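Positions are given from 1 along the sequence. Just so you know, ligand 1 is whichever comes first in the structure, and atom 1 is the first atom listed for that ligand. Since the model is a prediction, treat every value here as computed from it, not as a measurement.
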Amino acid sequence: MDGLAALKAKYLTAVADAAGEAALEEVRLSALGKKGEISLKMRDLGQMDPSQRQAAGATLNALKDEIDAALRARKAALGDAALNERLRTEWLDVTLPARPRRIGTIHPVSQVMEELTAIFADMGFAVAEGPQVESDWYNFDALNIPPEHPARQEHDTFFLHRDPGDNRPPHVLRTHTSPVQIRAMAAQGAPIRVIAPGRVYRMDMDQTHTPMFHQVEGLAIDRDISMANLKWTLEEFCRAFFEVPSVELRFRASHFPFTEPSAEVDIRCSWEGGQLKIGQGDKWMEILGSGMVHPKVLTAAGVDPAKWQGFAFGMGIDRIAMLKYGIPDLRAFFESDLRWLRHYGFAALDMPDLAGGLSS
Ligand code: PHE
């Protein structure tokens, strides 16, 4: 049985060289399969005489067991290697941050409304609201703008249609957020500190005017509120809003029927290479109207002007959004151009707050 040593060497080498489970199975079949070399040798035992058969049988069985063990060991090793390879290539880092999904962006106007709400909330102002379709009493009369007053024409008002003979009081698209002053005071009385952000409408359209735009009204009424409080509040607001150490505001004497005295406020800025910048430069941009609330306005809202006084202001939200974020054309705000919205929009889940940074 000298051939057995060669047979053993041949199959043990073949087992060791088998590169994969399929190759290994072929080795098994050619050695131990039904027609395998070892199996055929086993069959030959039958033709031997009993004394030979005993010795040869034992040797063959040992060889068979040895090859079988080698096959199993190699199979286990190949299985481990395959598993390790899968583990190496199919890993997943569960600590990776999630990829942000495009779920749209926040419009600069919404972002700025959130920002200014956060700033004024910090100064103790609550948010008040009023309807966009407003009676002309709230929009004009209660604000000391009687029917014949020229300010009614200046506002380029949109009037709601009335059929001839329909004598209900006229309604308008509100031309400013000031009617919310009246509604808030009538509902809450004094003292009061509110802002009222929202949409307003005027018949006007050019690079800096759209028929619909946004204002935020501010109102602070108490026993001894003065112009100085107004000035501080606006400067403090602008510093926080524009996220700069200081801003320069210019108060110009002006006239509104609902405030006395009145001031329009400009902010120092520059226009260079189509980019607006605030706090520096030699240009001024008007951002708001303001003043001490007129006694007639307090009276119309049911607040006694002998006991209470305070300031009000109305600021253009779109204007301050353009200034802060360097957006050159107002009309683009309302064109719903996706490329513009992606460029100027804000991440949907970042809520502005004073502690965490307004716009970061
Ligand atoms: N309502 C005025 C406007 O729209 C702004 C304003 C508000 C002025 C409050 C004074 C006080 O132009």
Side-chain angles (χ1 to χ4, degrees), residues 116 120 125 127-132 134-146 149-158 172-186 190 192-204 208-222 225-234 237-238 249-267 285-301 303 305 308-320 330:
L116 59 88
F120 281 112
F125 287 76
V127 173
E129 287 186 306
Q132 294 175 43
E134 187 57 284
S135 77
D136 72 346
W137 187 83
Y138 279 108
N139 196 80
F140 294 122
D141 301 68
L143 290 163
N144 194 31
I145 313 176
H149 197 286
R152 290 218 184 190
Q153 273 68 56
E154 281 162 28
H155 274 205
D156 302 311
T157 312
F158 287 107
V172 300
L173 294 181
R174 68 179 180 192
T175 57
H176 49 180
T177 44
S178 298
V180 188
Q181 286 185 37
I182 307 297
R183 291 180 174 276
M185 283 191 282
I192 187 172
R193 240 186 282 178
V194 288
I195 57 163
R199 293 181 166 184
V200 299
Y201 302 84
R202 289 181 204 176
M203 253 183 277
D204 211 350
T208 51
H209 296 91
T210 47
M212 185 282 296
F213 59 105
H214 300 83
Q215 285 189 336
V216 57
E217 196 79 6
L219 174 72
I221 304 290
D222 212 320
I225 286 186
S226 70
M227 279 298 262
N229 299 125
L230 168 67
K231 193 158 183 267
W232 181 87
T233 303
L234 292 176
F237 166 76
C238 286
L249 297 182
R250 180 171 79 175
F251 285 70
R252 273 183 294 110
S254 182
H255 177 263
F256 299 102
F258 32 93
T259 45
E260 182 58 38
S262 303
E264 280 179 305
V265 179
D266 307 330
I267 189 165
M285 177 131 156
E286 185 193 323
I287 55 169
L288 64 93
S290 64
M292 297 301 291
V293 178
H294 196 289
K296 285 193 180 172
V297 173
L298 295 174
T299 305
V303 168
W308 305 100
Q309 63 178 33
F311 64 74
F313 61 84
M315 186 157 45
I317 292 181
D318 316 274
R319 288 274 178 97
I320 62 172
L330 175 68

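Not less than 6.0 angstrom separates the ring centroid of Phe256 from the ring centroid of His176. Between Phe313 and Phe120, a ring centre-to-centre spacing shorter than 6.0 Å is recorded.
Distances between N or O atoms of Ser178 and those of ligand 1 include at least one value under 3.5 Å. Ligand 1 has no nitrogen or oxygen under 3.5 angstrom from a nitrogen or oxygen of Gln181. Polar contact with ligand 1: absent for Glu217 (N/O pair, distance under 3.5 Å). For ligand 1, the polar-atom distance check finds no N/O of Thr259 at less than 3.5 Å from any of the ligand's N/O atoms.
Rounding to the nearest 0.5 angstrom, the gap separating the OG1 atom in Thr175 from the CG atom in Asn139 is 3.5 Å. Atom CG of Leu330 sits about 5.5 Å away from atom CG of Asp318, to the nearest 0.5 Å.
Side chains of Asp204 and Phe213 form no contact here, defined as non-hydrogen atoms less than 4.5 Å apart.
With a 4.0 Å cut-off on non-hydrogen atoms, Arg202 touches ligand 1 through its side chain and not its backbone. Contact annotation: for Phe313 versus ligand 1, heavy atoms closer than 4.0 Å belong to the backbone alone.
What you find for Ser290 and Leu230 is that their closest heavy atoms are OG-CD2, 3.7 Å.
Close contacts between ligand 1 and Gln215 involve ligand atoms 3 (C), 4 (O) [criterion: under 4.0 Å to a heavy atom].
The nearest protein atom to atom 2 (C) of ligand 1, hydrogens excluded, is given as Phe258 CZ, 3.7 Å; this is a heavy-atom distance. For atom 7 (C) of ligand 1, the closest heavy atom belonging to the protein is Gly314 N, 3.2 Å.
For Glu286, the salt bridge (charged side-chain N to carboxylate O under 4.0 Å, His left out) partners are Arg252, not counting sequence neighbours.
With Pro257, Pro179, Gly289 as candidates, the residue nearest to atom 6 (C) of ligand 1 on a non-hydrogen basis is Gly289.
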